[in-house]
S.K.: 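Take a look at the following structure, please.
Keep in mind it's a predicted model, so treat the numbers as computed, not measured. Computation of the quantities below employed the complete heavy-atom set of this structure, encompassing side-chain atoms and omitting hydrogens, waters and symmetry-equivalent molecules. A, B, ... follow the sequence lines: proteins, then strands. Residue 1 opens every chain.
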Amino acid sequence: MINPLRGMKDLTFEESERFEYIVNTAATIARRYGYGYIETPILEETALFKRSVGESSDIVGKEMYQFTDKGENDVCMRPEGTAGIVRAFISAKLDRQPVKQKFYYYGPMFRYEKPQKGRLREFHQFGCESFGEASVYEDFTIITMIAQIFDALGIGYELQINSLGCQVCMPKYRETLVSSLNEIKEELCEDCNRRIGTNPIRVLDCKNDKCQALLVESPKLKDYLCEACDPDFRKLKELLDQEGIKYTVNDNLVRGLDYYSKTAFEFVSSEIGAQSAIAGGGRYDRLVEFLDGKPTPAVGFALGIERIMELVKMPEKEPEGYYMGAMTPEAIPTLLKLATKKRLTDKVTVEYSSKGFKSHMKGVDKANPRYAVLIGEDELNNGTIWLKDLESKEEQVIDINDL
RNA sequence: GUGGAUGUAGUUCAGUUGGUAGAGCACCAGUUUGUGGCACUGGGUGUCGCGGGUUCGAGCCCCGUCAUCCACCCCA
């Protein structure tokens, strides 16, 4: 027997329905905010992700499904969505028009990780990217939209926000932080020492209690924000307060991808285990130019569909359509003709084996239709059908052409 | 990549000291070819993850391997 590869899953029945429900709900709301659907390739040139996500990140460093294709191209399966969308935006030369563009997408992403709860090798994200809008109002709007999506899905969450600063203030802060960390280097854990070189801000997030105690006195990014970033971050908080969206400022919140700046946010659930981030995003004003486009401010987010699937409860299914069955084999062709006609407008389940009334009624219960249609010998001879409304329990024999 | 746990029916799980496979749910058939959900009767549907080893004998013990789950790490 051939099974799916490690960390990859088949979705069927209620799972695939939950998946569709989440995508449909999110897409409906995104369209209301002016987003249009974009579809980009799953396979991209490896250089795209090295330049966007950043070579220092684990994603690019060790988790990509990367290979050389038959044309000797260095390619990989996308590990995230934003890079491809930005590439498409630039490929279409949309960066040369002063028009704001908003795209939503969803689809599979691939990371060669060790699977655990909420972490698959093939997983699915829904995301939005807004190009050309530099105002923090857009950051606020995008956060509001995600909150609306989660409210619509009936999911509880905690919102964490932070400002990562921009190219003016971030490097200065990073420098200060690194030198401060180097002073206490010997006492910090092994992981932290590694992070000082790779992603020093991550050190602040260490779960080791001893490290946390040492870090209390470390410089905080919020004290280093510049005249542009600081007021924007204040504005964002004011707007969220005004909207009644609860949030906590997490000084240690860092995005895992290198391209983020200024506003960063994460929606977290406490109900799904260690992989608790259900949506994350932020501003990435520099990414378009990193990928050879004209400088274009942008902000976006992605939500993890599988993680959200653990949290949503589906609305109960209403009985729908028709069940059709025959109690005499001769009636089946008649039934098929009727089903084809009815299927122009309704869901129809047809039972191909002729059997007794009681057996059919058991089939009816399984199919969960609104109506049951049966044809027996009498009906066949008279050109009629037996029709029952399963809800009102009313039944009648009517002419076959009247259905 | 590191650590821990677990692999038995479609599913959830039981299986004693090593003695030839078991329950609930689900499923299938039937209970007069005309009134469903209930009930009753019958049916086990299995490569005990896989490969070795120990043993007269392995679901159980040993080794290896694969997979799953959980946590670290990372991240959506």
S.K.: Starting at CZ of Arg307(A) and ending at P of C70(B), how long is that distance when rounded to a whole Å?
M.R.: 12 Å

S.K.: Given the P atoms of U68(B) and G30(B), what is the spacing between them in whole Å?
M.R.: 40 Å

S.K.: Less than 3.5 Å apart, any donor N or O on the side chain of Thr248(A) or Glu158(A) sitting next to an acceptor on the other?
M.R.: yes

S.K.: Going by salt bridge (charged side-chain N to carboxylate O under 4.0 Å, His left out), Asp232(A) matches just one of Arg283(A), Lys262(A), Lys237(A). Which one?
M.R.: Lys262(A)

S.K.: Check every atom of G34(B), G36(B), A71(B) against the side chain of Met361(A) and return the nucleotide holding the closest atom.
M.R.: G36(B)

S.K.: Applying ring pair (Phe, Tyr, Trp, His ring centres under 6.0 Å) between Tyr104(A) and each of Phe126(A), Tyr33(A), Tyr35(A), report the one that passes.
M.R.: Phe126(A)

S.K.: Between Lys366(A) and C28(B), is there a contact of a side-chain N or O with OP1 or OP2 at under 4.0 Å?
M.R.: yes

S.K.: Taking G64(B) as the reference, what is the distance to G24(B) when you measure between their C1' atoms (whole Å, please)?
M.R.: 36 Å

S.K.: Check the side chains of Tyr247(A) and Asp241(A) for a donor-acceptor pair under 3.5 angstrom, ignoring hydrogens and angles.
M.R.: yes

S.K.: Could you check which nucleotide pairs with U68(B) in any of the strands shown, counting Watson-Crick or G-U wobble with both distances under 3.5 Å?
M.R.: A5(B)

S.K.: Among the nucleotides A71(B), G36(B), A76(B), which one has an atom lying closest to any side-chain atom of Ala277(A)?
M.R.: A76(B)

S.K.: Should Gln116(A) be listed as having a side-chain N or O under 4.0 Å from OP1 or OP2 of C70(B)?
M.R.: no

S.K.: Take atom CZ of Arg119(A) and atom P of A71(B), then tell me their distance rounded to the nearest Å.
M.R.: 10 Å

S.K.: Report the distance from atom CD of Glu310(A) to atom P of C75(B), rounded to the nearest whole Å.
M.R.: 20 Å

